[in-house]
A.B. asks: 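Quick one: structure below, then a few questions.
When reading the values below, keep in mind they use all heavy atoms of this one structure, side chains included, and skip hydrogens, waters and symmetry mates. Just so you know, residue 1 is the first one in the sequence shown, and it goes up from there.
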Amino acid sequence: MDRVTFTNKGNTVVGNLFKPDGFEQGTKYPAIVVTHPFGAVKEQVPTTYAKLLAEQGFIALVFDASYQGESGGEPHFSEFPSARVEDIRRAVDFLSIHPDVDEERIGALGICAGGGYTVNVSQTELRIKAVAGVSTFNIGSARRDGVGPLGAQSAEYRSDLLRRSAQARTREAAGGEVEMFSLIADNPKFDMNDLSTIPAMYLEGYKYYSEIDPNPRFMGTFALSSLSQQMAFFPFEGIELISPRPLLLIAGSEADTLYMSQDAIERAKEPKELVVLDGASHIDLYWNPEYVPQVAEKLTEFFGKHL
């Protein structure tokens with residue numbers, strides 16, 4: 001594994017490059033950009049899949065998003081969709097000129113929000129030849145409308161969040177403190193004394209990031225000032241532009257975000273495929289040994305065929 005860096009509009013983006021087993025200098029390999037979920041860092045689920053893909057003969061690049069993890073950008077712990085999309089383009093830049101990469105065989109894989117960003121950038125980034133998402137998450141609709149029935153948000157609450165985000169931006173512009181926001185603790189609908197009020201994705205995500213695969217750089221809260229930009233993101237608009245390049249989405253049958261993958265696939269043109277793993281939740285596809293090998297097998301088949 002090589003530690004690598006590239007830049008995104010003045011920010012240093014820090015990544016890890018995984019090479020195939022039996023790597024030979026001078027050979028050109030297919031390569032895959034792996035984009036992490038909201039809040040995650042490169043060492044978590046992206047590395048899980050990058051290692052598995054490298055074992056199957058691919059070069060795989062994972063990186064911390066701008067404003068997050070080891071990468072640069074202030075205010076840190078911000079989630080800017082425009083920066084996240086540009087991170088992927090810059091990652092493709094990096095791979096396109098890498099001496100060990102076949103620039104005509106570059107694919108992209110995104111997990112959770114990373115899947116939404118990957119789908120979005122691939123609409124207009126023709127250097128990406130094959131597109132895959134695991135537990136694909138539409139961060140724009142999630143911030144505007146909530147996640148599933150439990151997390152459904154009213155128009156009034158959405159307006160209140162936008163007002164608060166605007167006020168946070170004004171404070172920052174005046175040199176004030178960056179206000180942080182928690183998707184669980186700061187939502188008045190969610191009651192930590194009654195977990196049935198909280199979407200399963202958030203509960204299982206908390207366990208994954210705090211117990212199963214913890215990392216001190218994990219973004220548990222984010223800058224409230226970036227919330228308005230998240231609401232303004234519509235990742236699946238224009239998804240038909242991915243065609244005739246192939247699109248694969250993988251989701252769990254029990255995921256409270258399954259409808260997001262279904263929406264994306266319905267909008268997309270052929271060739272496209274939605275694989276639903278029976279019994280799996282959204283977070284199961286990050287780590288659960290019952291499902292991760294199934295996901296990796298499907299990804300290997302997909303990228304092997306199209307790259």
Side-chain angles (χ1 to χ4, degrees), residues 4 6 8 13 15-18 20 29-38 40 42 45-54 56-66 81-98 101-139 233 235-236 238-251 260-261 264-265 268-269 271-275 285 295-296 298-307:
V4 301
F6 52 94
N8 180 355
V13 179
N16 292 327
L17 191 71
F18 294 88
Y29 292 91
I32 301 168
V33 177
V34 184
T35 302
H36 66 68
F38 168 85
K42 62 185 179 300
V45 57
T47 289
T48 297
Y49 284 109
K51 287 181 175 179
L52 291 169
L53 289 166
Q56 300 302 318
F58 301 95
I59 286 177
L61 172 63
V62 302
F63 58 91
D64 287 329
S66 296
S82 59
R84 291 275 251 144
V85 167
E86 183 64 14
D87 283 340
I88 299 172
R89 291 191 194 275
R90 296 302 178 106
V92 174
D93 291 345
F94 175 87
L95 291 175
S96 294
I97 62 174
H98 194 284
V101 171
D102 182 344
E103 65 177 302
E104 295 301 320
R105 293 192 292 163
I106 295 175
L109 164 65
I111 301 105
C112 188
Y117 295 129
T118 295
V119 164
N120 183 259
V121 71
S122 298
Q123 296 165 20
T124 55
E125 182 49 82
L126 299 185
R127 293 175 297 174
I128 296 174
K129 306 301 184 183
V131 185
V134 173
S135 291
T136 298
F137 187 73
N138 182 335
I139 197 169
F233 188 54
F236 302 155
I239 193 172
E240 70 278 0
L241 297 175
I242 293 176
S243 177
R245 293 165 295 149
L247 171 66
L248 168 68
L249 300 182
I250 305 173
M260 295 181 177
S261 292
I265 284 293
K269 290 185 177 180
K272 60 183 179 179
E273 182 180 6
L274 173 61
V275 174
L285 303 193
V295 175
K298 188 63 184 178
L299 291 172
T300 298
E301 174 189 335
F302 174 75
F303 287 121
K305 178 181 179 180
H306 297 291
L307 297 182

A.B. asks: Would Lys269 and Glu240 satisfy salt bridge (Lys or Arg N to Asp or Glu O under 4.0 Å), going step by step from the backbone distance to the final call?
C.D. replies: CA-CA 5 Å; Lys269 290 185 177 180; Glu240 70 278 0; over 6 Å; no
A.B. asks: So, applying side-chain contact (heavy atoms from CB on, under 4.5 Å) with Ser122, which one of Ile88, Ile242, Leu241, Val85 is it?
C.D. replies: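 So the option named by the test is Ile242.
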A.B. asks: Answer yes or no: is there a side-chain heavy-atom contact under 4.5 Å between Lys298 and Ile250?
C.D. replies: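 Of all side-chain heavy-atom pairs linking Ile250 with Lys298, at least one is under 4.5 Å.
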A.B. asks: Mind listing the closest non-hydrogen atom pair of Arg84 and Phe38 along with its distance?
C.D. replies: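 Arg84 and Phe38 have their closest heavy atoms at NH2-N, 3.6 Å.
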A.B. asks: I'd like to know whether Arg90 forms a salt bridge (Lys or Arg N to Asp or Glu O under 4.0 Å) with Glu86, so could you lay out the CA-CA distance, the side-chain angles of the two residues, the decisive distance to 0.1 Å, and finally the verdict.
C.D. replies: CA-CA 6 Å; Arg90 296 302 178 106; Glu86 183 64 14; 2.7 Å; yes
A.B. asks: In sequence, state the C-alpha distance, the side-chain angles, and the governing distance for Thr136 and Met260, and then conclude on side chain to side chain contact (heavy atoms under 4.5 Å, CB included).
C.D. replies: CA-CA 7 Å; Thr136 298; Met260 295 181 177; 5.8 Å; no
A.B. asks: Taking all non-hydrogen atoms of both residues into account, name the closest pair between Ile106 and Ser96 and its distance.
C.D. replies: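 Scanning both residues completely, I find the closest heavy atoms to be CD1-OG, 3.6 Å.
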A.B. asks: Take atom NZ in Lys129; do more than 12 heavy atoms of anything else shown fall under 6.0 Å from it?
C.D. replies: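 Yes, the 6.0 Å shell around NZ holds more than 12 heavy atoms from other groups.
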A.B. asks: Are the side chain of Arg245 and the backbone of Ile128 linked by a donor-acceptor contact shorter than 3.5 Å?
C.D. replies: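 The answer is yes, because a donor-acceptor pair under 3.5 Å joins these two groups.
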A.B. asks: List the atom pairs, donor and acceptor, that lie under 3.5 Å between side-chain atoms in residues 108-119 and the rest of the protein, sequence neighbours left out.
C.D. replies:
unit_1 : atom_1 : unit_2 : atom_2 : d
Tyr117 : OH     : Glu79  : OE2    : 2.8
Thr118 : OG1    : Gly114 : O      : 2.7

A.B. asks: How long is the span from the OG atom in Ser66 to the CG atom in Asp87, to the nearest 0.5 Å?
C.D. replies: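 The distance works out to 3.5 Å.
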A.B. asks: Hey, are the side chains of Pro37 and Phe137 touching, using non-hydrogen atoms and a 4.5 Å cut-off?
C.D. replies: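 When only atoms from C-beta onward are counted, Phe137 and Pro37 do not touch, as no gap falls below 4.5 Å.
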A.B. asks: Apply the side-chain contact (heavy atoms from CB on, under 4.5 Å) test between Val62 and each candidate in Thr47, Thr48, Val33; give the one that qualifies.
C.D. replies: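 Checked Thr47, Thr48, Val33 against Val62; only one passes side-chain contact (heavy atoms from CB on, under 4.5 Å): Thr47.
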A.B. asks: What closest approach, in Å, do Pro244 and Pro271 show between heavy atoms, and which atom pair accounts for it?
C.D. replies: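 Looking at all heavy atoms of both residues, the shortest contact is O-CD, 3.3 Å.
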A.B. asks: Could you check whether any side-chain heavy atom of Leu299 comes within less than 4.5 Å of a side-chain heavy atom of Leu248, counting everything from C-beta outward?
C.D. replies: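 A side-chain contact exists here, since the closest heavy-atom pair is under 4.5 Å.
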A.B. asks: With under 30° as parallel and over 60° as perpendicular, where do the rings of Phe63 and Phe6 fit, or are they tilted in between?
C.D. replies: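 Judged by the thresholds at 30° and 60°, the geometry between Phe63 and Phe6 is perpendicular.
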A.B. asks: Between atom OG1 of Thr35 and atom OH of Tyr49, what is the distance when rounded to the nearest 0.5 Å?
C.D. replies: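 Interatomic distance, Thr35 OG1 to Tyr49 OH, rounded to 0.5 Å: 14.5 Å.
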A.B. asks: Go through Ile239 and Leu247 one step at a time and tell me if the side chain to side chain contact (heavy atoms under 4.5 Å, CB included) criterion holds.
C.D. replies: CA-CA 10 Å; Ile239 193 172; Leu247 171 66; 4.0 Å; yes
A.B. asks: Donor-acceptor check, side chain of Arg105 to backbone of Asp102, threshold 3.5 angstrom: yes or no?
C.D. replies: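 The answer is no, because no donor-acceptor pair under 3.5 Å joins these two groups.
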A.B. asks: Output, in order, the C-alpha distance, side-chain angles, deciding distance and verdict of salt bridge (Lys or Arg N to Asp or Glu O under 4.0 Å) for Glu104 and Arg127.
C.D. replies: CA-CA 7 Å; Glu104 295 301 320; Arg127 293 175 297 174; over 6 Å; no
A.B. asks: Between Lys305 (side chain only) and Glu301 (backbone N and O only), is there a donor and an acceptor less than 3.5 Å apart?
C.D. replies: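 Flag not set: sc Lys305 to bb Glu301 has no pair under 3.5 Å.
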A.B. asks: Give the ring-plane orientation class for Phe303 versus Phe58, where under 30° counts as parallel, over 60° as perpendicular and anything between as tilted.
C.D. replies: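 Geometry flag for Phe58 against Phe303: perpendicular rings.
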A.B. asks: Looking only at heavy atoms, what is the nearest atom pair of Ala31 and Val101, with distance?
C.D. replies: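 So the minimum-distance heavy-atom pair works out to CB-CG1, 3.7 Å.
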A.B. asks: Minimum heavy-atom separation for Ala50 and Phe18, please, with both atom names.
C.D. replies: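 Taking Ala50 first and Phe18 second, the nearest heavy atoms are CB-CD1, 3.7 Å.
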A.B. asks: Can you tell me how far CD1 of Ile139 sits from CZ of Phe233, rounded to the nearest 0.5 angstrom?
C.D. replies: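 Atom-to-atom, Phe233:CZ and Ile139:CD1 are 8.5 Å apart.
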A.B. asks: Taking it one step at a time, do Asn138 and Phe236 satisfy side chain to side chain contact (heavy atoms under 4.5 Å, CB included)?
C.D. replies: CA-CA 8 Å; Asn138 182 335; Phe236 302 155; 3.8 Å; yes
A.B. asks: Looking only at atom types and distance, does a side-chain atom of Gln123 sit under 3.5 Å from a main-chain N or O of Pro235, one as donor and one as acceptor?
C.D. replies: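 The answer is yes, because a donor-acceptor pair under 3.5 Å joins these two groups.
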A.B. asks: How long is the span from the CG atom in Leu17 to the CG atom in Leu61, to the nearest 0.5 Å?
C.D. replies: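 Answer for the CG-CG pair, Leu17 versus Leu61, is 5.5 Å.
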A.B. asks: Would you say Ile59 and Ile32 make side-chain contact, with heavy atoms under 4.5 Å?
C.D. replies: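 In short, these two side chains do not touch, never coming nearer than 4.5 Å.
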A.B. asks: Evaluate the side-chain proximity of Asn16 to Lys42: yes if any heavy-atom separation is below 4.5 Å, no if none is.
C.D. replies: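 Lys42 reaches Asn16 side chain to side chain.
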